[in-house]
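Whatever order the structure lists them in is the order used to number ligands and atoms, beginning at 1.
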Amino acid sequence: TGSTRPQRLLRAVQKKATQGDPQSVIATIDDFCRHSEWAMNVGDEKGLILDSIVSEVNPSTALELGTYCGYSTVRIARLLPPGGRCITLEFNPAYAAVARQVIAWAGIQDKVQLVEGPSGDLIPQMKELFGVQTFDFVFLDHWKDRYLPDAKLLEECGLLREGTVLLADNVICPGTPEYLQYVRNSPRYESRYFKSHLEYTKVEDGLEKSVFLG
Ligand SMILES: Cc1cc(-c2n[nH]c(CCNC(=O)c3cc(-c4ccc(F)cc4)cc(O)c3O)n2)ccn1
Ligand SMILES: [Mg+2]
């Protein structure tokens, strides 16, 4: 019973990153994924686009769908204003266990609430579980066939407000065609594509930024 890739990624963080320094955790993971083992973090190139949009929105309440090892959770949480918080949903308990330790190593655990379970079950519970009114920012990075149903679920649960920004990873690779078609054709969204590459590769991918118009 050897280690898993997320466990090896965590070991690299605990060995090489400075505790309490989110930037060094980010850099260590990027180095591990580029030079040791590829992993499905949003990565450094798309990560800079994520950073710029999070900084522009300056969210008090952010939602992340798909924690994986916590790389993008750290990217988002390190940029939150004082009192800001990021709720992140992870389906896979093994991923969640690694993510909790990566987030703790970065020292930003007080800004993050990691919840385990399928997004479709958890989204309707956001208000009662976490006292959330609406989200200012949503990062979609989970199962690609859940982007569209979960965007609709967020609307139906009244968790989006006029101006909420949805940012979706992987809209080209692996691809989210139904989601793209919806946000690009719905009168309720203003959508824009940020061309980039699949993390740590030369393959095209990109982020879709969609502003909910209410
Ligand atoms: C709450 C909840 C959470 C989840 C959930 N949690 N964690 C995930 C992971 C999802 N992410 C991916 O699958 C993904 C895949 C690739 C990829 C893989 C192989 C290739 F060859 C090329 C590209 C690249 C990426 O950037 C990705 O993000 N889902 C699911 C359900 N409910
Ligand atoms: Mg992704």
Side-chain angles (χ1 to χ4, degrees), residues 4-7 9-10 26 29-30 32-34 36-51 53-54 61-77 86-103 112-127 129-130 132 135 137-154 157 159 165-180 183 193-210:
T4 65
R5 181 167 307 186
Q7 285 170 330
L9 180 151
L10 170 62
I26 292 163
I29 293 172
D30 285 331
F32 176 84
C33 294
R34 199 171 284 285
S36 300
E37 300 185 66
W38 185 91
M40 58 183 170
N41 316 114
V42 73
D44 45 1
E45 189 181 315
K46 289 186 289 180
L48 286 173
I49 300 166
L50 170 65
D51 288 358
I53 292 167
V54 170
T61 312
L63 173 66
E64 177 181 57
L65 303 176
T67 317
Y68 186 42
C69 294
Y71 172 90
S72 47
T73 321
V74 171
R75 289 201 83 115
I76 294 165
C86 180
I87 295 171
T88 183
L89 310 186
E90 179 45 64
F91 175 74
N92 181 318
Y95 294 171
V98 165
R100 288 188 199 286
Q101 296 175 81
V102 167
I103 290 161
V112 174
Q113 285 170 287
L114 196 164
V115 192
E116 292 179 45
S119 50
D121 297 356
L122 292 170
I123 287 169
Q125 300 179 57
M126 284 292 113
K127 295 198 174 194
L129 280 181
F130 301 106
V132 170
F135 290 108
F137 177 79
V138 181
F139 184 50
L140 297 93
D141 193 21
H142 59 330
W143 292 335
K144 308 314 160 193
D145 61 356
R146 287 297 313 174
Y147 285 29
L148 180 54
D150 286 344
K152 290 182 171 174
L153 195 53
L154 286 163
C157 294
L159 287 164
V165 170
L166 276 66
L167 187 65
D169 189 27
N170 310 119
V171 297
I172 304 301
C173 178
T176 64
E178 300 87 358
Y179 173 79
L180 270 192
V183 291
Y193 176 62
F194 291 76
K195 183 179 163 77
S196 185
H197 296 92
L198 176 68
E199 47 268 27
Y200 317 111
T201 77
K202 292 185 166 57
V203 173
E204 183 180 344
D205 188 23
L207 300 167
E208 188 82 2
K209 176 193 175 189
S210 306

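Atoms CZ and CG, on R146 and L153 in that order, are 7.0 Å from each other to the nearest 0.5 Å. Atom CG of L166 sits about 12.5 Å away from atom CG of L207, to the nearest 0.5 Å. Taking CG of L89 as the start and CG of L122 as the end, the distance is 5.5 Å to the nearest 0.5 Å. Taken to the nearest 0.5 Å, the CD1 atom of I87 stands 5.5 Å off from the CE atom of M126.
With E90, H142, M40 as candidates, the residue nearest to atom 6 (N) of ligand 1 on a non-hydrogen basis is E90.
When heavy-atom distances to ligand 1 are checked against a 4.0 Å cut-off, N41 has no atom that comes that close, whether in backbone or side chain.
For the pair G117 and ligand 1, a heavy-atom separation below 4.0 Å is found. Residue contacts with ligand 1: N92 is excluded, as none of its non-hydrogen atoms falls under 4.0 Å.
Counting only heavy atoms from C-beta outward, the side chains of V102 and Y71 never approach each other to under 4.5 Å. Residues S72 and E64 meet the side-chain proximity criterion, which asks for heavy atoms closer than 4.5 Å.
At the top of the distance list for atom 27 (C) of ligand 1, counting protein heavy atoms only, stands N170 OD1, 3.3 Å. In terms of protein heavy-atom proximity, atom 32 (N) of ligand 1 is nearest to S119 N, 3.3 Å. D141 OD1, 2.8 Å is the protein heavy atom nearest to atom 28 (O) of ligand 1. In this structure, the protein non-hydrogen atom closest to atom 20 (C) of ligand 1 is W38 CH2, 4.5 Å.
Checking only distances, E199 does come within under 3.5 Å of ligand 1, N or O to N or O. In terms of N/O distances under 3.5 Å, ligand 1 is not approached by K46. When only interatomic distances are considered, the shortest N/O to N/O separation between D169 and ligand 1 falls below 3.5 Å. Polar contact check, K144 against ligand 1: a nitrogen or oxygen pair lies under 3.5 Å apart. Ligand 1 has no nitrogen or oxygen under 3.5 angstrom from a nitrogen or oxygen of T67.
Classified by interplanar angle (parallel below 30°, tilted 30° to 60°, perpendicular above 60°), the ring pair Y95/Y68 is perpendicular.
In summary, an N, O or S atom of N170 is located under 2.8 Å from the Mg ion (ligand 2). In summary, an N, O or S atom of D141 is located under 2.8 Å from the Mg ion (ligand 2).
Salt-bridge annotation for D141 and K144: present, with a side-chain N of the basic residue lying under 4.0 Å from a carboxylate O of the acidic one.
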Checklist entry - Could you walk me through whether T73 and T67 pass the side chain to side chain donor-acceptor pair (under 3.5 Å) check? => result CA-CA 7 Å; T73 321; T67 317; 5.0 Å; no
Checklist entry - Between R100 and E90, does a salt bridge (charged side-chain N to carboxylate O under 4.0 Å, His left out) hold up when you go through it step by step? => result CA-CA 11 Å; R100 288 188 199 286; E90 179 45 64; over 6 Å; no
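For the side-chain hydrogen bond (donor to acceptor under 3.5 Å, both in side chains) criterion with R75, the lone passing option out of N41, D51, D44 is D51.
Those atoms of ligand 1 with a heavy atom of L89 less than 4.0 angstrom away are 1 (C), 3 (C). The ligand atoms of ligand 1 that sit less than 4.0 angstrom from a heavy atom of F91 are 1 (C), 2 (C), 3 (C), 4 (C), 30 (C), 31 (C), 32 (N).
Protein heavy atoms are found less than 4.0 angstrom from atom 13 (O) of ligand 1.
Among the heteroatoms counted here (N, O or S) of D169, OD2 is the one nearest to the Mg ion (ligand 2).
Of the N and O atoms on the side chains of Y200 and D30, at least one donor lies less than 3.5 Å from an acceptor on the other residue.
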